[in-house]
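Have a look at the structure below before the remarks.
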Amino acid sequence: MKQTRAIVITGNGTNCEMEAAHACRIGGFDEVVIAHIAEILSGEIRLDDFHFLNLTGGFLDGDDLGSAKAQANRLKHAAVSGSGEKLVEQFTRFITDGKLILGVCNGFQLMVKMGMLPGFAGEYLHQTVTLTHNDCGRFQDRWTYLQVDPASPSVFTRGINNGIYLPVRHGEGKFLCDSDATLARLEEGHLAVLRYSDAGYAEAAMEFPANPNGSTNAIAALCDPSGRLMGLMPHPEAFVHYTQHPRWTRENLPEEGDGLILYKNAAEYVRNNLI
Amino acid sequence: MPHRIEIALVNGVRDPRGERIRREIEHFLHLDVAAVRTVDVYTIDIALSDHELEAAARGPFSDPVIQTWSIDRPLATDFDFAVEVGFRPGVTDNVGRTAREAVSYLAGRAVADGESVYYAVQYLIKCTLNSSDVEKIATGLLCNTLIQRYSVLSAAEFAAAGGFSAYVPKVSGASKAEVREIDLDVSDEELMRISKDGVLALTLDEMKIIQAQYRDAKVLAERQTFGLGTKPTDVELECLAQTWSEHCKHKIFAGTVQYEDENGNKQEIKSLFKSFIQRTTKDVRERMGDKDFCLSVFKDNAGVIKFNDTHSLVFKVETHNSPSALDPYGGALTGIVGVNRDPFGTGIGSKLIFNTDVFCFADPFYSKPLPARLLHPRRIYEGVVEGVEHGGNKSGIPTVNGSLVFDDRFAGKPLVFCGTAGLMPVMVNGLPAHEKSIKPGDLIVMTGGRIGKDGIHGATFSSEELNENSPVTAVQIGDPITQKRMFDFLIRARDKGLYRFITDNGAGGLSSSIGEMAGECGGCRMDLAKAPLKYPGLNPWEILISEAQERMSLAVPPGLIGQFMEMAARFGVEATVLGEFTDSGVFHMLYGEQTVAWLPMAFMHEGLPPMQIPAKWLPPLHIEPLIEEKNDYTDDLKRLLSALNVCSKESVVRRYDHEVQGGSVVKPFTGVANDGPSDAAVVRPILDSFEGVVTAHGICPRFSDIDTYHMTANAVDEALRNYVAVGGSLDLVAGLDNFCWCDPVQSEKTPDGPYKMAQLVRSNQALYDICMAYNLPLISGKDSMKNDFYDGTTKISIPPTLLFSVIGKMDDARKAVTMDVKRPGDIVYLLGKTADELGGSEYLALSGAVGNKVPHVDTVKAYQRYQAYHEAVNQRSVASCHDLSDGGLAVAAAESAFAGGFGMALDLSRVLWKGDVAGKGDCTLLFSESASRHLVTVHPEQREQFEATMSGNCFASIGVVTEEATLAITGLNGVAVVTANLAELKDAWQQTLREL
């Protein structure tokens with residue numbers, strides 16, 4: 001395998017596969033495949049053949065049992081045809097092989113509810129944190145300033161100065177931990193990669209609308225201690241070109257949008273470490 | 001035995017759903033409630049072991065971080081009343097469906113037919129209210145009794161009974177599969193009784209045509225060979241009622257109109273549709289010659305135009321008014337997911353790229369009494385907004401454009417317009433994608449959801465006014481996820497060439513979709529017993545006309561059926577072969593071996609003679625209000641900014657995902673704080689290209705009170721000027737018309753039919769005139785003609801409303817212009833002239849007046865100016881542009897200024913005037929809603945180029961953008977008439993709907 005290969009999983013209510021694939025492509029991946037979950041469950045497409053897995057935004061199964069819950073259940077219990085293997089085994093092998101996973105919005109919810117994040121001590125199937133209904137009680141589409149933790153191990157956010165500006169589009173983005181101990185542990189490990197903040201990226205924001213959902217410690221993104229698995233509520237794939245910015249007609253912006261760096265970092269990591 | 005799994009939030013976790021309900025109880029029912037908490041209830045009617053039940057509760061049903069669960073044991077504590085709300089039997093239960101599937105994955109086995117999970121919500125209310133107040137909360141807010149059931153227990157009752165007992169809302173009833181024959185050899189009164197009682201919505205003339213058909217000896221002889229008697233079966237009669245319904249057949253637009261104008265000139269119009277709408281497109285296309293960009297108009301589910309050499313654009317706008325009046329959430333949700341199927345089912349299918357929504361409601365703060373059957377406008381507002389939110393967001397289609405229009409007559413029926421655009425390759429597998437065909441022998445295949453009693457008589461019901469007895473079953477609830485799964489599969493099947501024809505199942509269900517498809521090849525033979533059902537007990541006629549959602553009908557060549565079915569199974573999509581297309585000339589329905597309907601295609605589709613409709617135009621005369629000149633209009637401006645039709649709709653718009661798919665270029669909100677109102681949307685549907693799709697709309701029902709001719713002209717102009725404002729090109733732009741009228745056919749209930757019909761005629765005349773002047777071909781549209789409420793005493797008719805939508809292109813989306821002023825020192829121009837045209841304006845409405853001086857559109861000058869402006873946009877000499885509509889110049893200036901965060905100093909004496917100077921004054925200059933005007937700002941360094949490009953057109957520099965955050969407008973006598981701080985103006989504009 002000489003090519004850097006990214007996969008975007010779709011199906012059952014996933015929505016952002018096109019723009020996520022586009023972001024992977026312009027971020028530098030040689031090959032990007034949009035795979036329907038049916039094609040993975042049928043064994044036609046195997047996660048093993050890829051380096052970077054994208055779990056993107058949407059409404060898996062309508063978020064009917066709570067965001068991403070039904071898909072988390074499906075991934076844990078569904079079997080891949082012809083292999084005798086459960087799909088979850090492909091996921092855990094992907095992680096232990098040192099590959100990258102990025103969950104955005106519904107994808108982040110899925111990672112959290114499967115227990116893949118924060119992934120303390122290599123435990124990737126045990127849920128300790130959650131994402132639930134916004135305090136305002138409503139779905140919100142609005143842009144948010146995200147302060148980066150420079151000490152975070154995340155490979156995706158390397159090189160970000162201060163912060164990035166991205167849209168959130170969710171009804172269930174409020175980050176909560178099962179205990180203070182969990183919160184302390186992920187803060188100590190600098191796993192809270194991004195926080196909702198003021199426009200200068202100076203202070204974490206706890207008030208609506210800067211913090212659109214009421215997340216604990218304004219946490220908008222999380223990575224595992226290896227930094228190779230990351231999830232975030234805001235949409236990096238929604239800002240890869242300046243015309244996607246809400247104020248591009250009045251501000252002088254660079255060609256590339258703030259979200260692209262996540263995909264560029266992913267491609268670079270794969271090139272340097274996985275092929 | 002069924003089990004109840006309850007899921008509650010653990011102590012200390014906020015319950016936003018409960019908090020929202022508490023706020024709504026207070027705000028809406030004016031009842032004091034200390035707290036509301038909620039519990040999710042899953043009633044499991046599946047044979048599961050204790051271990052499996054527990055795994056379901058612990059696993060997919062609950063979140064271990066914030067929730068706790070129980071099985072057959074109530075979790076409720078610390079409450080005074082508990083209200084549990086679940087669905088009635090047979091109503092679509094999306095959460096229940098997902099829960100059932102989750103159980104199946106968990107247990108590692110398929111769940112048996114008839115086994116299911118049912119979802120309900122328990123509201124725990126802490127209050128000092130009595131039980132009748134709580135009953136009011138249940139019926140007034142928590143439960144729509146049409147589709148939901150509820151029970152209330154006080155804390156004492158709850159304790160005594162050990163909570164709510166498990167209730168399974170399963171549809172019971174043995175499979176009857178009954179076919180009745182209906183005797184039409186009866187009196188006229190009896191014929192009408194049959195029509196009315198059966199919700200057939202057929203007129204006496206129509207019933208008599210059917211009666212005559214069943215007296216024709218030749219027809220009877222042929223029927224005999226299929227074992228049918230001399231009387232029509234219920235399947236046949238129901239099928240004809242659907243096919244001939246106003247909803248499906250558009251009898252009013254197809255009818256022959258005897259029109260008389262105000263001068264007594266008489267004219268016979270054979271079909272408004274053919275004479276005006278179709279003719280508009282034909283004449284515009286002829287004139288465009290080789291620049292014609294229309295590919296498929298009026299013949300498919302949506303219109304298709306060229307986008308570029310590789311892709312075509314598809315667009316359709318629909319209404320879903322009657323269902324939304326009964327069940328706002330379900331009706332609106334079905335409206336949006338329903339219109340999604342139109343572009344998807346156009347040609348051989350398109351990928352959906354955006355939605356648009358326009359809602360017309362009565363004042364959500366309405367406080368006068370309403371007729372019994374009508375829901376409060378606030379409830380309709382909440383339900384519709386949420387229904388479209390769920391339908392659009394969950395389908396992954398950005399909602400890029402829309403508006404909310406308020407008029408208290410919409411209490412009679414709300415209007416819910418939902419539009420969807422699609423993108424299709426020009427060619428798929430070597431064939432033009434916008435075309436399709438059927439060959440005899442192709443198989444009839446239905447995909448997607450199953451058939452239930454939902455939506456039975458939707459088409460015929462919406463062809464009547466809303467009344468006390470409107471049928472419950474006419475309401476459906478959409479399921480965006482089932483539909484999304486189906487689309488994911490079908491778009492891949494399209495690219496593999498696995499089917500030849502596709503169309504959606506909407507109004508009239510299979511009777512319409514298969515009826516129309518059979519018209520392509522000349523017949524069909526279909527076995528209704530093969531149709532997959534949600535539950536047993538449906539009669540063949542119900543299967544045929546059910547409007548159960550999320551279904552597409554396809555024609556699949558027999559050689560490809562194996563591959564098609566295999567792929568459907570792999571994608572988890574149900575697909576069923578129901579029969580085959582033929583060239584027999586007959587719509588032939590079987591139930592098993594038995595023929596249950598045998599209808600000659602010619603009779604079905606051409607058996608109906610045109611309706612004869614009188615129309616007489618008498619221009620209304622309103623009291624002409626005296627315009628009192630004031631020294632200062634700042635307060636009037638603030639009141640206008642707070643008016644429902646002008647104020648910010650951000651609290652609604654932010655609930656709609658307008659950015660998914662990544663192509664958003666001009667978003668609904670723009671400006672320094674992302675909160676200024678954009679005129680139109682620009683979207684890049686192909687992410688590695690900068691070609692943009694531009695969409696906008698115009699709607700101004702208030703002008704109908706004066707003259708629907710000008711209402712229509714202004715609506716079309718508004719759509720185009722919004723489109724032009726952001727940078728849309730006039731070389732590739734098409735229109736869609738959606739007429740929502742009150743019943744214009746004269747009858748006992750509608751004595752003023754001839755006036756309402758004349759309003760429709762005038763609207764059509766204007767549509768032709770203005771679209772010709774603007775080179776706008778009409779590519780699709782829809783009419784909804786019975787938007788009245790009548791309960792025997794009160795009649796509420798909506799104002800005649802035309803929603804005009806446009807879709808077109810800009811070659812380079814990077815040249816798009818937004819409405820926010822950009823920097824101090826920029827020059828402010830007003831393009832177009834202003835006239836004494838306050839008639840029907842928002843300004844007069846502030847004092848309850850209508851007036852008579854409705855704005856007139858000067859299409860020749862406007863079109864020339866729009867072209868020049870577009871040239872200026874292409875030269876990048878425009879800094880900002882905002883269209884002038886509701887509230888006129890003052891409102892547009894205020895919006896542009898506070899959106900950009902800079903002030904404006906304007907001088908009314910520099911505004912160009914049109915017509916009699918007697919009417920010229922500060923008031924008319926500020927608030928007149930004269931058509932075709934734009935407020936533009938230009939950087940000083942671009943001034944020369946801009947003025948050169950615009951030369952020869954009516955435009956004037958009227959002021960400058962200022963550093964100071966103030967809107968300062970000087971009147972004709974040189975003294976300030978508006979002086980206002982931008983923050984105050986913005987607050988006035990934002991406060992009205994901020995909390996909704």
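Convention: sequence-line order gives letters A, B, ...; per-chain numbering from 1. Basis for what follows: all heavy atoms, side chains included, without hydrogens, waters or symmetry-related copies.
A/S42 touches chain B through its side chain: at least one heavy atom from C-beta onward sits under 4.5 Å away, while N, CA, C and O do not. Only the side chain of B/R23 comes within less than 4.5 Å of a heavy atom in chain A; its backbone stays farther off. Looking at A/F239, neither its backbone nor its side chain comes within 4.5 Å of chain B, counting heavy atoms on both sides. The contact between B/A816 and chain A is made by backbone and side chain atoms together, counting heavy-atom distances below 4.5 Å. Of the atoms belonging to B/R814, heavy atoms from both backbone and side chain fall under 4.5 Å from chain A. Looking at A/E44, the atoms closer than 4.5 Å to chain B (heavy atoms on both sides) all sit in the side chain, from C-beta outward. For A/H235, no part lies under 4.5 angstrom from a heavy atom of chain B. Of the atoms belonging to B/F690, it is side-chain heavy atoms, and not backbone ones, that fall under 4.5 Å from chain A. In this structure, chain A has heavy atoms under 4.5 Å from both the backbone and the side chain of B/R570. Heavy atoms closer than 4.5 Å to chain B are found in the backbone of A/T128, but not in its side chain. Contacts of B/V13 with chain A are made by side-chain atoms alone, with heavy-atom separations under 4.5 Å and no backbone atom involved. The contact between B/P60 and chain A is made by backbone and side chain atoms together, counting heavy-atom distances below 4.5 Å. At a 4.5 Å heavy-atom cutoff, A/T182 makes no contact with chain B through either its backbone or its side chain. Only the backbone of B/S395 comes within contact range of chain A, judged by heavy atoms closer than 4.5 Å. Residue B/T482: no heavy atom, backbone or side chain, is found under 4.5 Å from chain A. Heavy atoms of B/D40 lying under 4.5 Å from chain A are absent altogether. There is no contact between A/V240 and chain B, counting heavy-atom distances below 4.5 Å. The parts of A/H133 that come within reach of chain B are both its backbone and its side chain, each placing non-hydrogen atoms under 4.5 angstrom from that chain. Contacts between A/Q140 and chain B at a heavy-atom distance below 4.5 Å involve backbone atoms as well as side-chain atoms. With a 4.5 angstrom heavy-atom cutoff, A/D63 does not touch chain B via any of its atoms. For chain A, the nearby part of B/Y42 is the side chain; its heavy atoms alone come within less than 4.5 Å.
Taking both residues in full, the closest heavy atoms of A/C177 and B/V65 are given as C-CG1, 3.7 Å, listed atom of the first, atom of the second, then distance. Among all heavy-atom pairs drawn from A/T249 and B/K822, the shortest one is O-CE, 3.2 Å. Taking all atoms of both residues into account, the shortest heavy-atom contact from A/G137 to B/P16 is CA-CB, 3.9 Å. Nearest heavy atom pair, residue B/E659 against residue A/P167, reads OE1-CB, 3.6 Å. Taking both residues in full, the closest heavy atoms of B/V660 and A/C16 are given as CG2-SG, 3.9 Å, listed atom of the first, atom of the second, then distance. The nearest pair of heavy atoms linking A/R247 to B/N674 is NH1-OD1, 3.0 Å.
Counting only residues at least two apart or on different chains, the salt bridge (Lys or Arg N to Asp or Glu O under 4.0 Å) pairs with a member in residues 10-37 of chain A are A/R5-A/E31.
Of the inter-residue distances, the one linking A/N15 atom CG with B/D657 atom CG reads 8.0 Å to the nearest 0.5 angstrom. Annotation: the span from B/K351 atom NZ to A/M18 atom CE amounts to 5.0 Å, rounded to 0.5 Å. Between the OG1 atom in A/T243 and the CG atom in B/D812 there is a gap of 9.5 Å [rounded to 0.5 Å]. The CZ atom of B/R654 sits 12.5 Å away from the CZ atom of A/R169 when rounded to the nearest 0.5 Å. Put simply, CD on B/E101 and CG on A/D64 are 10.0 Å apart, with the number rounded to the nearest 0.5 Å.
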- prompt: Can you check side-chain contact (heavy atoms from CB on, under 4.5 Å) on A/F59 and B/H390, steps first, answer last?
  reply: CA-CA 10 Å; A/F59 286 82; B/H390 288 176; over 6 Å; no

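Taking non-hydrogen atoms and a 4.5 Å limit, the residue list of residues 68-77 of chain A in contact with chain B, ordered by number, reads A/K69, A/A70, A/N73, A/R74, A/H77.
Checked for salt-bridge contact, A/D61 and B/R97 miss the test: no charged N lies under 4.0 Å from a carboxylate O. A salt bridge is defined here as a Lys NZ or Arg NE, NH1 or NH2 lying under 4.0 Å from an Asp or Glu carboxylate O, and B/E389 with A/R138 fails to meet this definition.
One N or O on the side chain of A/R250 and one on the backbone of B/V821 form a donor-acceptor pair closer than 3.5 Å.
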